[in-house]
Amino acid sequence: MKSLFYFCLICAILLIYSCDGGKKVSRRSTSEFNPIKIVNGGTLVVGIRAEPESLNPLLALSQTSRNIISLVFRRLADINEDLRTFTPVLAKNWTFSPDSLSITFNLKTDVLWHDGMPFSAADIVFTYQMQTDPAIGWDGISFKETIRSVDALDDSTVVFLFHRKSPAMLMDAVEGYILPEHILASVSSEDMHKAEFNRRPVGTGPFKFQGWKDQQTITLVRNNSYYETGKPHLDRIIFKVVPDNINLLSQLKSGEVDLVESLYPRDFQALSAKWEQGQSNIRPVSYLGRRYDFIGWNLIDPDHYRQKLKQEDNSLPIEDYILPNRFFGSRKVRSALTMALDREALTNAVNYGMAIPMHGPVPLILNAYNEAANVHWPYDPQQALRILSEEGWSDTDKDGILDKDGIPFEFELITESGNTRWEQAATIIQDQLAKIGVHVSPRLVEPALLYGKLLPLKEFDAVLIGWVVGLTMDYAPLFHSSSFFTPFHFTGYYSSKYDSLDDASKKSFNPAVIQKYYDEIAGLLSHDLPYTWLYYRQECSAIHVRFKNVTIDKRGMFINPEDWWVPVKERSRIDKLFEG
Amino acid sequence: MSLITAENISVSLGRTPILKDINFSVETGETLAIVGETGCGKSLLCKTLLNILPQSLSVNGNIWFNIADKKRINILSSGEQILKTIRGKEIGMVFQDAFASLNPVIKCGKQISDVLAVKSKTDHRTKKSRIFSLLEIVGLADVTRIYNLYPHQLSGGMQQRMALAIALAGNPRLLIADEPSSSLDSIAQKQYLDLLNRLKHAINLTLILVTHDLDEAFAFADKMLVLYAGYTAEYGNTVDIRTAPAHPYTKALLDIYQAFRENRQPTPLPGEIPSLGNPPAGCRFHPRCYRVQPACAEQAPPKKDLSGRHYTWCFNPIE
Amino acid sequence: MVSYVIKRIAESIPTIIIGITLTFLVIHLSPGDPGSRFMDPSQPSEYREILQNRFGLNDALHIQYIKWLKQVLFHFDFGNSFYNGKPASGMVFSALRPTMLLAICSLIFALIVGIFLGIIAAVYRDALPDRILTAKMMFFFSTPSFWLGIMLLGIFSIKLGWFPASHLTSLYHDQLNWSGRFADYVHHLILPVITLGLPLSATFYRYIRTGMIEALESEYILASRARGLSVSKLLFHYSLKNSLIPLISVLGITIPALLSGALVVEVIFSLPGLGRTMVSAVFSRDYPIILAASTLAFVTVIVGNLLADVIYSMVDPRIRIKTQGVL
Amino acid sequence: MKGLINILHSDRSLQLGVIIISVICLFSILGPLLSPYHYNTQNLSESFQRPSWSHPLGTDFFGRDLLTRLMYGGRITLTVAFSATLFAVIIGTIVGLASGFIGGWLDRILMRLVDILLGFPKLFVILLLVGMGYTSLGLVVTFLALFSWMEIARIVRSDVWVAKEQLYVKSAEALGLRRRRIIFRHILPNITGPLIVSTVLLISSLILIESSLSFLGLGVQPPNASWGTILNEGRVDPVGAWWISVFSGIIIVTCVIGFNLIGDGLRNILDPKTGKKT
């Protein structure tokens with residue numbers, strides 16, 4: 001009786017799972033561009049995986065927070081797609097002084113804060129003070145290091161004065177969203193992280209903050225007094241928290257969510273296939289992202305490093321802390337391990353083709369990127385084995401694992417737990433290195449433990465993680481000897497050649513010379529291999545087709561949301577429900 | 001016409017007969033005493049009369065009950081709908097263990113009122129006064145307090161009276177009292193039986209009194225049914241049985257009863273009471289019987305009419 | 001009764017304090033640094049110090065502990081989240097509401113299903129309905145709720161699209177009238193409640209079936225039958241009340257299990273509850289939230305236990321006498 | 001041996017449970033030896049294959065054979081559950097014996113501790129403990145054991161109380177036997193029945209907790225996997241790659257049912273009084 005019951009139950013489950021749901025007939029509109037007049041209205045629902053930590057531009061760190069902030073706040077100017085030139089936003093225009101040491105911004109005069117107060121030059125000055133306040137710890141603080149002072153000449157004119165000339169002066173000046181002085185002036189910088197403002201931001205952007213339901217939704221509505229008359233067109237943007245990926249995907253498919261960023265490549269490919277067959281209203285969009293993943297090798301011996309740290313002697317030279325790691329201290333071993341990795345297969349497997357194998361340190365998104373400058377290590381396990389045996393690693397005891405002086409080549413590859421892509425990549429690397437007789441144990445570690453203890457104290461063998469890059473290139477925190485004891489310099493890489501190249505690149509003002517230094521740095525690092533770069537990721541996003549005028553490029557999804565609009569005929573059920 | 005008539009009642013568990021061919025009838029106003037030792041099937045018989053036996057037991061025979069308009073119904077073949085109108089309202093029953101028969105988590109007043117509720121939808125106040133008078137009738141003082149007590153808060157005697165009050169709540173014409181006094185001490189026993197006797201006359205109650213005590217039977221009953229291991233040994237008028245017991249078992253009971261009265265040591269019956277599950281063949285009493293004959297072990301003895309109102313089931317009755 | 005409740009509350013205070021002290025020690029002694037997740041390579045290296053100071057992690061452990069305990073006991077202030085700066089107490093309380101909603105609905109669901117099926121099984125004891133039900137309930141009793149949740153989610157939400165896959169309410173919830181809102185809640189809660197409730201109903205089912213069988217075989221039920229009470233009255237009033245009593249004593253043990261179960265269900269169905277708050281706080285080392293959430297969980301369990309005991313003594317008159325006698 | 005077979009024959013749910021668990025144990029122990037695949041050999045070109053003749057239960061992301069992984073995962077799940085149970089039973093028995101036999105203030109303190117620990121929502125606390133440290137197998141076993149010995153302690157204690165009052169213990173005391181001898185020779189054998197029942201039921205509940213933990217991403221490290229981890233891997237796409245979550249779930253449920261059946265059956269046999277009712 002019982003067994004019959006289970007049998008039926010299992011059959012029922014299998015049946016429901018295996019039969020494909022009813023085929024949905026395409027409702028996709030055939031005309032992508034509609035020449036009739038743009039109408040206002042419509043609701044955009046953005047699916048997000050985690051609640052933003054703060055809507056205060058000074059404290060925001062996650063991509064989600066930054067996205068929402070980009071809708072509520074405005075900068076002085078926005079960068080263009082070429083990543084060189086700028087379009088004025090809150091500034092009307094700007095002029096460089098003849099000695100190129102200051103920039104004068106003329107501000108727009110018809111801009112209002114969302115609470116109705118007028119925007120003025122005082123807000124710019126106040127924002128600069130907040131951004132450079134060490135007690136707040138804004139993460140873009142390094143942009144402002146070149147600035148000597150910011151002064152308001154009158155309500156609509158601001159002057160930025162710089163220490164020295166640099167090609168990035170304008171970028172440094174306009175970085176960061178402008179904050180309302182009349183609200184935040186009363187908050188002390190120590191209490192900034194607890195301010196009510198972080199939960200109820202007031203900005204000058206096209207959308208106003210309306211409400212925040214804990215762990216559920218954040219709603220922005222149209223700012224009717226936006227300075228660009230007639231914009232934005234959408235009534236409302238709702239950010240809906242859906243932590244579970246499969247849940248998020250199914251809501252995207254069912255139309256409960258219109259836009260999702262950072263889809264899993266596997267899901268993205270499935271969506272793309274449907275889209276190409278004309279069976280879906282979800283438009284997949286991919287663009288060059290900001291992330292790359294790599295293996296970081298620990299070049300020095302962790303125990304020796306720890307002992308030296310215990311001596312608490314600040315006068316010791318850096319060389320004293322360095323005892324080459326028994327595995328990765330040798331550049332040749334690192335190059336052998338790199339050659340033993342089939343980066344192509346790895347990249348395709350974990351990214352489903354939505355990433356580009358990466359050989360050197362310069363992110364593909366930057367103008368400084370030059371693939372030819374990198375040293376390429378091809379996939380060649382035979383060569384790798386040869387190099388390893390030259391280095392003394394061979395399988396003398398025939399247990400399938402290389403060894404040297406009785407030490408087997410066995411190490412832990414740590415990665416952040418909860419990140420499926422990294423877990424998968426670590427598992428594949430384990431398999432690939434096993435083929436040349438290197439035994440890898442992947443180990444998943446809590447982020448707090450990983451970034452809070454293991455990496456800063458260099459207590460690891462090898463780590464697989466990724467970085468998110470900004471629009472400027474700075475490798476000093478990762479490889480420069482001046483940051484040897486800081487948390488992100490966890491490889492223990494120490495090269496005077498690198499130091500001098502890095503210093504020189506920062507002193508130069510000539511773009512062509514700087515590019516030359518960058519190429520040299522790329523060549524040096526890809527030769528020395530403190531990291532083995534794995535792949536550069538393409539961002540996979542999707543947006544419902546009813547949204548028109550959507551511009552998406554390597555700067556991200558939310559470049560021109562004030563221009564997005566929905567034709568009346570294509571309004572969804574949710575659009576209509578909100579319109580009443 | 002008799003109020004209740006039992007015809008050939010047999011109860012069996014699977015193939016094992018527990019009660020076999022029991023017959024009796026009780027006229028309105030009469031008292032029948034069912035007498036026998038512990039384990040002879042008395043309680044089972046009581047439950048059979050109300051058709052509340054567990055489904056694992058199969059019952060044969062007929063129990064005819066005279067409902068108010070001179071119509072007879074067969075309790076054993078009636079549906080629950082009809083039985084609902086009989087149980088509690090026509091036939092009340094007091095169980096052997098009063099405490100066990102009271103629901104431990106429902107207040108006394110509520111337990112009585114639930115029985116009343118079935119009967120008529122009188123309004124709350126009349127219902128309450130009816131409950132109070134019932135409690136007074138069974139001799140409980142301080143009725144308002146008792147109304148709100150739980151069964152375990154009552155003494156044994158009070159519990160017994162409470163059970164009686166519940167049995168009487170539906171104004172039954174027939175009351176089945178299953179060893180109502182067995183759990184009480186002798187004084188309380190006496191009081192309780194007096195109460196039953198008074199009630200019997202006051203509200204013209206027909207009574208089936210189950211007892212193992214011949215004293216009780218002789219004092220109250222008009223008729224007697226003597227059971228031995230699920231069989232009827234003897235059935236007839238109390239006077240006849242008392243003066244001229246025909247079955248050796250009845251005789252033995254009487255002897256013991258007599259011995260107690262005269263304060264001498266009774267002669268115990270040889271052997272043991274057979275278990276209902278595995279009774280001896282033939283006459284169930286024959287292993288212990290001093291008048292045993294070869295036939296006794298062969299088959300069950302037939303009914304023997306002694307005087308038209310006195311019957312025995314024995315091959316060799318005492319003449 | 002009042003003094004009994006007060007005594008119980010007084011007894012439970014040390015339990016809570018021991019509990020949160022242990023929690024405090026565990027999270028503060030564990031390796032890793034809550035501030036680190038906010039850092040990226042472009043930040044100045046002093047930022048780590050700033051964060052440590054901001055979170056008050058630079059003091060000695062016992063000073064941190066005393067400071068924290070003072071704050072909690074005298075100001076009912078659990079500090080602010082490391083992650084988003086919100087007051088921890090507010091965050092946790094607002095997370096408790098959905099959890100309570102989920103837990104109470106599941107409890108009611110489990111009670112209804114468990115009691116109803118338990119009665120059926122007891123009435124048809126050892127017959128076909130009883131055997132089918134008992135086997136089925138063995139299945140639910142042994143099913144991890146996360147699997148049940150994934151299966152329900154996969155079939156009814158993703159494959160068939162009958163129920164929403166996440167959240168407590170629709171986006172347009174506020175636009176609806178009250179009946180619409182109620183329907184909206186029901187629509188969102190059905191799958192999570194089944195997921196949390198079914199395994200629980202299997203437990204209740206066992207108790208009710210046992211209790212009902214015991215009650216139905218008892219002398220007082222036989223006596224009640226003899227009194228001519230209707231079948232429904234016998235089942236639902238006379239037997240059920242008796243078999244509910246052991247169930248209520250189980251209720252106290254059920255509450256911690258319910259909270260543990262809610263944790264998983266909230267993760268699967270993306271519900272904004274205490275469990276999910278706890279999971280994400282553990283993963284991000286958000287100390288104030290972890291402490292506030294565990295304190296609240298302990299208090300909930302203790303209050304729940306107390307409630308169960310009070311109800312128990314109310315339903316079972318025999319117990320009440322005993323407690324009165326003790327006091 | 002004959003007695004054992006008799007016991008097996010006397011209860012149908014015990015019979016069924018023993019069959020289920022033996023099959024699962026054989027499946028886990030012998031399965032990986034017989035399987036043509038290695039639990040950890042990747043074949044990225046066969047990623048997420050539906051069940052077929054060559055892979056009866058399909059493959060996972062890395063193209064590993066799911067059946068083989070489930071067999072291997074069974075080893076880990078069962079090892080974790082068995083060893084945690086073993087520790088819990090040892091702790092519980094010691095505490096229970098001490099509490100019941102010595103009594104007095106020790107008993108009060110221990111029982112208070114039991115009450116406190118029972119009041120904590122188990123998963124909450126274990127999640128906290130495991131989430132705060134390295135997620136290693138040994139740690140999971142330790143914490144599971146630390147939070148599940150209380151029921152055992154209670155049962156042992158109350159049985160010791162009963163046994164202590166019984167005549168044979170009294171007479172042993174009167175004979176002047178040493179306390180340890182009394183405990184081990186006279187009391188312990190008398191409480192093994194209920195102890196075995198609750199041990200079996202504990203195994204099933206620990207399997208559930210372990211898989212919940214693995215499901216939340218805490219527990220076994222890759223490339224090893226317990227059933228819960230495999231189930232969690234299937235969560236990436238429960239509809240598209242349904243076989244992973246469905247089959248790993250089925251085996252967890254079957255295993256837990258097996259232990260529960262054994263527990264119920266043993267209770268029926270060892271403790272007929274309460275066993276009849278359930």
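Chain A is the first sequence line, chain B the second, and so forth, proteins listed ahead of strands; every chain is numbered from 1. The shown structure was predicted, so the numbers you read here are calculated from the model rather than taken from an experiment. All values below were derived from every heavy atom in this structure, side-chain atoms included, with hydrogens, water molecules and symmetry-related copies excluded.
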Is the shortest side-chain N to carboxylate O distance from D:Asp264 to C:Arg206 below 4.0 Å?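 Yes, charged N to carboxylate O under 4.0 Å.
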Determine, for C:Arg209 against C:Glu214, whether the closest basic-nitrogen to carboxylate-oxygen distance falls under 4.0 angstrom.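 Not counted as a salt bridge, because no side-chain N and carboxylate O are separated by less than 4.0 Å.
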Select one option (side chain, backbone, both, neither) describing which atoms of [X] are under 4.5 Å from chain D's heavy atoms.
X        : answer
C:Ile302 : neither
C:Leu259 : both
C:Ile27  : both

Tell me, side chain or backbone of D:Ser204 under 4.5 Å from chain C's heavy atoms, or both, or neither?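 Interface part for D:Ser204: neither.
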Test side-chain hydrogen bond (donor to acceptor under 3.5 Å, both in side chains) applied to C:Thr21 - qualifying residues, sequence neighbours left out: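 C:Thr21 satisfies side-chain hydrogen bond (donor to acceptor under 3.5 Å, both in side chains) with C:Tyr65 once adjacent residues are dropped.
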How would you list, by chain and number, every residue that makes a side-chain hydrogen bond (donor to acceptor under 3.5 Å, both in side chains) with C:Gln64, sequence neighbours excluded?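 Partners of C:Gln64 under the side-chain hydrogen bond (donor to acceptor under 3.5 Å, both in side chains) test: C:His28.
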Taking every non-hydrogen pair under 4.5 Å, which of C:Gly275, C:Ala293, C:Ala281, C:Pro144 racks up the most with chain D?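 Looking at each of C:Gly275, C:Ala293, C:Ala281, C:Pro144 in turn, C:Pro144 comes out on top.
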Quick one: which of C:Thr23, C:Leu263, C:Ile268, C:Ile158 has the most heavy-atom pairs under 4.5 Å with chain D, could you say?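 If we count pairs closer than 4.5 Å to chain D, C:Leu263 comes out on top.
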Under 3.5 Å: donor-acceptor pair, side chain of D:Trp227, backbone of D:Ser211: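 No.
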